[in-house]
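Everything numeric in this text was worked out from a predicted model, so none of it was measured. Numbers restart at 1 for each chain; the letters A, B, ... are given by sequence-line order, proteins then strands. Atoms considered below: every heavy atom in the structure, side chains included; atoms not considered: hydrogens, waters and symmetry mates.
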2 protein chains.
Amino acid sequence: MPRSPDTSGTTDQLLDVAQELAQTRGYNAFSYRDLAERVGIRSASIHHHFPAKGDLGRALVARYRDRFSDALRRIGAGTGDAPAKLAAYVDLFRATYEHGGRLCLGGMFAADLPTLPTEVQEQVRGFYADNEAWLTRLLDAGRRASQLHFEGAPRDAAAALLDGLEGALLAARAHGSSARFARASRWLLLSVGARS
Amino acid sequence: MPRSPDTSGTTDQLLDVAQELAQTRGYNAFSYRDLAERVGIRSASIHHHFPAKGDLGRALVARYRDRFSDALRRIGAGTGDAPAKLAAYVDLFRATYEHGGRLCLGGMFAADLPTLPTEVQEQVRGFYADNEAWLTRLLDAGRRASQLHFEGAPRDAAAALLDGLEGALLAARAHGSSARFARASRWLLLSVGARS
DNA sequence: GTCTATAAGATGATAGAC
DNA sequence: GTCTATCATCTTATAGAC
């Protein structure tokens, strides 16, 4: 009988390693050779899985975006109130930093944007759109339910929240401090009136 | 009689062009050849001004940090109240985006951090420290004077503010929209009770 | 201070054998 | 699906002439 989806296939292994390098060093600071050495095959073999580096980049953001959307759906379907869901959202970013000091792939690729193939650029914009839309809905509903308290448009607060978290990852890694992330993110929650 | 400091010397020209490329594409996505073509000399000649790329990187952040500190001093020495000074601070970042969709060099190099020579890494951390210290003082004084209104430690608000602005530049460029920056930054000002 | 010439190594990529 | 071999190009960097 067939096993559950073999997640250790070479393609997945390549994606896993490439994602780590992309989140840590950025799109332009890792090579097929870097991947090859860590996965244990020759760099030429990678082209069988991803003919061009742009194909790898596209697959990378597409998968990241899918997984992130899944996480948002899981949080949204949960039983907690808006502050709890917001805390769970923040925790997604905290976990990213704890995972070897990684940045959000969306944020990292946003920094690399003009150097990326256009299809990858579009995926990055999609990642931002996903997050802003989800956050806007959560903030709006939370305020209507008097669970959150802030001034201004939910859409603006959502943008500021996402940007704050992306920036907090950047700063936390620069400081080499998870506490630095915690301080900035705690304040963000406070600023939308999410008492915890 | 000698002219005022010749700012169009080759070294300065190289720094100017390198800064633009660094803010736009990142440290690893521009080469001595890119600089050479734009400045109109041969790439080998650049090594006379900056023997290794790390020297260029260090000079780049050092100058950026100096200029930024000057701007902070100017704002701090101004006559306005805390909300006005905060708005002027935000405007520094807005102007960066308007200047050809550039990111903050500090934020961009924070994204490139692990690929940077260690001396450059230290300068980047220094940039963050400069900004956090300056913002902390401003926020603290502003709240004591009842010109700003927010909860939590000024140091945490300062971190969140800086991170929000770095992230807002990233997002604005991804969206190709100065309005996107305006929305996020306006909300940030609102969140510290800076009525404008 | 800028040039030509040159180097060693990296990079993304292809062809073709196994 | 992975390998060896090979490629053109790019990248940082040096030596030495002008």
Side-chain angles (χ1 to χ4, degrees), chain A residues 2-3 5-22 24-61 108-109 112-121, chain B residues 2-3 5-22 24-61 108-109 112-121:
Chain A
R3 286 169 175 273
D6 185 358
T7 182
S8 66
T10 306
T11 303
D12 290 305
Q13 250 182 283
L14 284 167
L15 282 172
D16 291 343
V17 173
Q19 184 179 326
E20 187 209 323
L21 290 171
T24 307
R25 309 168 50 89
Y27 183 78
N28 299 296
F30 77 90
S31 67
Y32 271 32
R33 187 183 282 188
D34 293 324
L35 299 181
E37 282 168 6
R38 305 195 190 206
V39 169
I41 59 176
R42 297 301 188 141
S43 83
S45 307
I46 302 178
H47 289 278
H48 172 74
H49 303 272
F50 305 102
K53 198 181 178 184
D55 297 316
L56 172 59
R58 190 176 28 70
L60 233 31
V61 202
M108 180 63 98
F109 276 16
D112 291 329
L113 205 76
T115 71
L116 301 175
T118 40
E119 329 93 60
V120 185
Q121 294 184 18
Chain B
R3 286 171 174 272
D6 185 357
T7 182
S8 66
T10 306
T11 303
D12 290 306
Q13 251 183 283
L14 285 167
L15 282 171
D16 291 343
V17 172
Q19 184 178 326
E20 186 209 324
L21 290 171
T24 308
R25 307 169 52 87
Y27 183 78
N28 300 297
F30 77 90
S31 68
Y32 271 32
R33 187 184 283 188
D34 293 323
L35 299 180
E37 281 168 6
R38 305 195 191 207
V39 170
I41 60 177
R42 295 304 186 137
S43 84
S45 307
I46 302 179
H47 289 278
H48 172 77
H49 304 272
F50 305 101
K53 198 181 177 183
D55 298 315
L56 172 60
R58 190 176 29 68
L60 233 30
V61 203
M108 180 63 99
F109 275 17
D112 290 329
L113 205 76
T115 71
L116 264 29
T118 40
E119 330 92 59
V120 186
Q121 294 185 18

ask   = In terms of the angle between their ring planes, are F109(A) and Y27(A) parallel, tilted or perpendicular, with boundaries placed at 30° and 60°?
value = perpendicular
In numerical order, the residues of residues 25-44 of chain B whose heavy atoms come under 4.0 Å of DNA chain C are I41(B), R42(B), A44(B)
Taken in chain and number order and not counting sequence neighbours, the residues that satisfy side-chain contact (heavy atoms from CB on, under 4.5 Å) with H49(A) are T10(A), T11(A), L14(A)
Min and max contacting nt of DNA chain C in 5' to 3' order, chain B heavy atoms within under 4.0 angstrom, are dG1(C) to dA5(C)
Compare all side-chain heavy atoms of V120(B) with those of D112(B) and state whether any distance is below 4.5 angstrom. no
Rounded to whole Å, the NE2-P distance (H48(B) to dT14(D)) equals 14 Å
Here the pair of heavy atoms bringing G54(B) nearest to P117(B) is CA-CG, 3.7 Å
(message) A side-chain contact here means heavy atoms from C-beta on lying under 4.5 Å apart; do I46(B) and V39(B) qualify?
(response) no
So do R38(A) and L21(A) actually touch side chain to side chain, heavy atoms under 4.5 Å? yes
Any heavy-atom pair between the side chains of T24(B) and F30(B) that's under 4.5 Å? no
Is a donor on one side and an acceptor on the other found under 3.5 Å between the side chain of Y32(A) and the backbone of S45(A)? no
